[in-house]
Amino acid sequence: MSIEREKFLETLAGSFEAYYDIHRPAEDPGLPLVFRADYHSRAERYWLSKNIPIWGNETNEFAYIFSAPSFEKELAAKCIDYALEKGLPMVKPHKEHQYTNIKVILVADSVDADTAKYLKKRSFSKNYKFSFHGFSTLKSAIVDLGTGKTVTNSAGHELTGYFSKLFAAEERSKL
């Protein structure tokens, strides 16, 4: 079920473009960063007019997509550290901030067992003012294009379903 990495990255970027703002790296970070995708959402409710707000809610997400033929444990750790280092300063907590997730997606032709085990155990979470001003969570996944399998950490479990749909779309496009 091998899928060509460049074609898969195009499909992945296309699926992100629907709701996310895509940012290509301006300078080389020394890592196989393909793009960063930013998502921002705000919901509000009012009573009678916009001058009388009842509540407001903000959610954000910064997704970092890396691609390489394979990821060693050290390279995967550097990619995740880079995403946290660059993503967390963009978090602006306030009383209407619900959460800001940092997503790290590693796309590889093959994945070794040590890297998959490391990624499953890697986690990060931070709350702001005892969660009254929201929280941030690391959601990470490594996609094995050779086998069509996705390994995630516990916070990123919904990414498995997302990538299974992308794999199915890639298979249908081959027919």
- [ ] May I ask you to say whether K86 pairs ionically with D81, meaning some side-chain N is under 4.0 Å from a carboxylate O?
- [x] no

TODO: Can you see which heavy atom on G87 is nearest to which on Y64, and at what distance?
DONE: N-OH, 3.4 Å

Open item on the list: Contact between R122 and K117 at the side-chain level, heavy atoms closer than 4.5 Å - yes or no?
Closed with: no

Task: Interatomic spacing from OG in S154 to NZ in K120 - rounded to 0.5 Å - done: 11.0 Å

Open item on the list: Just so I know, are the side chains of T11 and L166 near enough to count as touching, which here means a heavy-atom distance under 4.5 Å?
Closed with: yes

Open item on the list: Please give me the minimum heavy-atom distance between S110 and D144, naming the atom from each residue.
Closed with: CA-OD1, 3.5 Å

Task: Shortest non-hydrogen separation from Y118 to A77 and the atoms involved - done: OH-CB, 3.3 Å

- [ ] Taking the side chain as every heavy atom from C-beta outward, state whether L145 and V143 have any pair of such atoms under 4.5 Å apart.
- [x] yes

- [ ] Please name the residue in the list Y20, Y19, Y99 that meets the ring pair (Phe, Tyr, Trp, His ring centres under 6.0 Å) test with Y39.
- [x] Y20

- [ ] Flag the pair E158 and K139 as a salt bridge only when some basic side-chain nitrogen lies within less than 4.0 angstrom of an acidic carboxylate oxygen.
- [x] yes

Open item on the list: Please say yes or no: joined through hydrophobic side-chain contacts below 4.5 Å, possibly via intermediate residues, are V104 and L33 part of one cluster?
Closed with: yes

- [ ] Using a cut-off of 6.0 Å, state whether more than 12 heavy atoms not belonging to F132 lie near its atom CZ.
- [x] no

Task: Polar side chain donor-acceptor pair, Y128 to S136, under 3.5 angstrom - done: yes

Open item on the list: Test ring pair (Phe, Tyr, Trp, His ring centres under 6.0 Å) on F66 and F71; report intermediate values, then the result.
Closed with: CA-CA 10 Å; F66 297 91; F71 284 91; 7.3 Å; no

Task: Cluster check V111, L31: I/L/V/M/F/W/Y, side chain < 4.5 angstrom - done: yes

TODO: Report yes if the side chains of L159 and K103 come closer than 4.5 Å at any heavy-atom pair, otherwise no.
DONE: yes

Open item on the list: When you compare the side chain of I142 with that of T115, does any pair of heavy atoms fall below 4.5 Å?
Closed with: yes

- [ ] Kindly work out whether a path of hydrophobic side-chain contacts (I/L/V/M/F/W/Y, heavy atoms less than 4.5 Å apart) joins I22 to F8.
- [x] yes

Open item on the list: Hydrophobic cluster membership, with links at side-chain heavy-atom distances under 4.5 Å among I/L/V/M/F/W/Y: are I102 and Y82 in one?
Closed with: yes

Task: Within-4.5 Å side-chain heavy-atom neighbours: S140 and C79 - done: no

Open item on the list: Is there a continuous path of hydrophobic side-chain contacts, each under 4.5 Å between heavy atoms, that joins V107 to F16?
Closed with: yes

- [ ] State whether a side-chain donor-acceptor pair under 3.5 Å links T100 with H97.
- [x] yes

TODO: For residues S70 and L75, report the shortest heavy-atom separation together with the two atoms involved.
DONE: O-CD2, 4.3 Å

Task: Residues V34, R24; criterion side chain to side chain contact (heavy atoms under 4.5 Å, CB included); working and verdict - done: CA-CA 7 Å; V34 179; R24 305 281 177 186; 4.0 Å; yes

Open item on the list: Taking CH2 in W55 as the centre, count heavy atoms belonging to other residues, nucleotides or ligands within less than 6.0 Å. Is the count above 12?
Closed with: yes

Open item on the list: Pairing donors with acceptors under 3.5 angstrom, does anything connect the side chains of H94 and E58?
Closed with: yes

- [ ] Check T59 against Q98 and note the closest heavy-atom contact, atom names and distance.
- [x] CG2-OE1, 3.4 Å

TODO: Given side chain to side chain contact (heavy atoms under 4.5 Å, CB included), test I65 with L9 step by step and report yes or no.
DONE: CA-CA 9 Å; I65 289 68; L9 288 170; 4.1 Å; yes

Open item on the list: Between E44 and K50, does any NZ, NE, NH1 or NH2 come within less than 4.0 Å of an OD or OE carboxylate oxygen?
Closed with: no

- [ ] Return the minimal non-hydrogen interatomic distance between L84 and P89, and the atom names on each side.
- [x] O-CD, 4.1 Å

Task: Any side-chain heavy-atom pair of E61 and D38 under 4.5 Å - done: no

Open item on the list: Given 3.5 Å as the limit, does a donor-acceptor pair link the side chain of N153 with the main chain of L138, or not?
Closed with: yes

Task: Heavy-atom side-chain contact between Y46 and I52 under 4.5 Å - done: no

Open item on the list: As a quick check of understanding, evaluate side chain to side chain contact (heavy atoms under 4.5 Å, CB included) for F62 and L88, giving each step before the final call.
Closed with: CA-CA 9 Å; F62 301 107; L88 288 175; over 6 Å; no

Task: Straight-line distance of F163 CZ to T150 OG1, nearest 0.5 Å - done: 6.0 Å

Task: salt bridge (Lys or Arg N to Asp or Glu O under 4.0 Å) assessment of R5 paired with D109 - done: CA-CA 7 Å; R5 190 162 25 108; D109 296 330; 3.2 Å; yes

